[in-house]
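All values reported here derive from a predicted model rather than from experimental measurement. To find a chain, count down the sequence lines: A is the first, B the second, and so on, and within it residues start at 1.
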Number of protein chains: 2
Amino acid sequence: MTAARLAILQTVSGGDHLDVEAIHRGVCDRVGQVSLQAVYDSLNALHCGGLLRRIEPAGSPTRYETRVGDNHHHLVCRTCGRITDVDCAVGHAPCLDPASDAGYLVDEADVIYWGLCPRCRAETGSAPPCPARD
Amino acid sequence: MTAARLAILQTVSGGDHLDVEAIHRGVCDRVGQVSLQAVYDSLNALHCGGLLRRIEPAGSPTRYETRVGDNHHHLVCRTCGRITDVDCAVGHAPCLDPASDAGYLVDEADVIYWGLCPRCRAETGSAPPCPARD
DNA sequence: TCAGCACACTTGAATGATTCAAGTAAAGGA
DNA sequence: TCCTTTACTTGAATCATTCAAGTGTGCTGA
């Protein structure tokens, strides 16, 4: 664990679902110039090591957060991309029980609620860009 | 609705969570040469019109399916990328009720179960590439 | 009949997050 | 001291997707 990686952890835990670019900026602020590739590399290592959780909502760059292991989910705004944590509706981790697992060995459930955040609701009058129905 | 778009619908409904490239091939088989951009364009239109559902698992290209409106979810294999449908664990559509919606206007819930499909389980001995824990 | 227009489609180029490749430097172990 | 591993650097490549600009076709209203 190097200074750069510590700075990544600090930046991520101090931010709110940051993307790689934002993390990179934060790390540079803390410890001086660090290459973007080092950030990618370290984020991967930290993620595989279970220290960071990776969030990849469709159509937007990867984001990271330090809240791991508590099986919470995410609200994503279709308009501004803002991400908000929500606790698991089922109640306890892990909610890894699909109705039928079809023989799969399930190790993670990714739940994303798509919608409009309060701010965008007020601004756009409750009309998401492309009304995806599901 | 043109021949090309009809061919897209037929290809997607006859396939299994196809990606854009596969759909493009299928459409060309049915109605002759069609540009990739036309396929992208039409897929977008069909998706916005509610005729196709879009699935975008992290780290793999967008896929489409014709099963819309029944709020089912997906099992995705970490190793081979195979996608399998699962019915909603909650039971009835829409399972759009996060524990707290934080003021969001939620219109869709995307649930992806990550794991190993039966085939990859047998081959790799139940070891996903990067053991993401959650 | 014809201008105007919307729309599906074409070709070609651009974007942008991410990954790959190859090399350097520092730390740790034998 | 040598060797190996690991973190990091610079630079280039990849690839799905989108943007831009132009072409042809069919419909509508005058």
Side-chain angles (χ1 to χ4, degrees), chain A residues 1-12 15 17-49 51-65 76 78-79 81 83 112 129-130 132, chain B residues 1-12 15 17-49 51-65 76 78-79 81 83 112 129-130 132:
Chain A
M1 178 62 63
T2 65
R5 299 193 168 197
L6 204 57
I8 287 180
L9 277 180
Q10 290 169 346
T11 301
V12 174
H17 307 103
L18 300 179
D19 60 17
V20 177
E21 198 187 342
I23 295 168
H24 183 215
R25 279 198 304 274
V27 170
C28 289
D29 284 350
R30 287 170 196 270
V31 298
Q33 184 57 41
V34 173
S35 71
L36 187 58
Q37 275 64 21
V39 173
Y40 270 103
D41 191 30
S42 304
L43 285 172
N44 259 320
L46 294 169
H47 172 241
C48 284
L51 292 171
L52 289 180
R53 179 163 173 192
R54 187 181 236 158
I55 317 162
E56 306 177 67
S60 72
T62 307
R63 290 160 184 279
Y64 290 87
E65 67 181 350
V76 182
R78 285 193 193 278
T79 303
I83 298 180
I112 292 183
C130 162
Chain B
M1 176 64 62
T2 65
R5 298 193 170 198
L6 204 57
I8 288 179
L9 277 180
Q10 289 169 347
T11 301
V12 174
H17 307 103
L18 299 179
D19 60 18
V20 177
E21 197 186 343
I23 295 168
H24 183 217
R25 279 198 304 274
V27 170
C28 290
D29 285 350
R30 287 171 196 269
V31 298
Q33 183 57 40
V34 172
S35 72
L36 186 60
Q37 275 64 22
V39 175
Y40 270 104
D41 192 30
S42 304
L43 286 171
N44 259 320
L46 293 169
H47 174 242
C48 283
L51 292 171
L52 289 181
R53 179 162 174 194
R54 189 181 238 159
I55 316 162
E56 306 176 68
S60 73
T62 306
R63 291 160 183 279
Y64 290 88
E65 67 181 351
V76 182
R78 286 192 193 277
T79 303
I83 299 181
I112 292 183
C130 162

Considering non-hydrogen atoms only, spot the tightest contact between [X] and [Y] and give its length.
X      : Y     : value
B:C28  : B:V34 : SG-N, 3.6 Å
B:I112 : B:P57 : CD1-CA, 3.9 Å
B:L18  : B:V12 : CD1-CA, 4.3 Å
A:A45  : A:R5  : CB-NH1, 3.6 Å

Discussion item. Among B:L46, B:T62, B:L43, exactly one meets side-chain contact (heavy atoms from CB on, under 4.5 Å) together with B:R54. Which residue is that?
Written reply: B:T62
Just checking [X]: base, sugar-phosphate only, or nothing, at a heavy-atom cut-off of under 4.0 Å?
X     : result
B:A45 : nothing
A:T2  : sugar-phosphate
A:E56 : nothing

Mind calculating the distance between [atom1] ([X]) and [atom2] ([N]) to the nearest angstrom?
X     : N      : atom1 : atom2 : result
B:N44 : D:dA16 : CG    : P     : 16 Å
A:L18 : C:dA17 : CG    : P     : 15 Å
B:I55 : D:dA16 : CD1   : C1'   : 17 Å
A:L6  : D:dA7  : CG    : P     : 14 Å
B:D41 : C:dC7  : CG    : P     : 12 Å
A:L36 : D:dC8  : CG    : C1'   : 13 Å
A:E21 : C:dT15 : CD    : C1'   : 14 Å
B:H24 : C:dT10 : NE2   : C1'   : 11 Å

Fill in: Side-chain donor/acceptor contact of A:Q37 with base of C:dT19 under 3.5 Å
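By the distance-only test, yes, there is a pair.
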Would you tell me if any nitrogen or oxygen in the side chain of [X] comes within less than 4.0 Å of OP1 or OP2 on [N]?
X     : N      : result
B:S42 : C:dC9  : yes
A:T62 : C:dA17 : no
A:R5  : D:dT6  : no

Discussion item. The side chain of A:A38 is closest to which nucleotide in this list: C:dT18, D:dT17, D:dT9?
Written reply: D:dT9
Discussion item. So if I take every side-chain heavy atom of B:S35 and compare against C:dT10, D:dT17, C:dA17, which nucleotide ends up nearest?
Written reply: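 Closest of the options to the side chain of B:S35: C:dT10.
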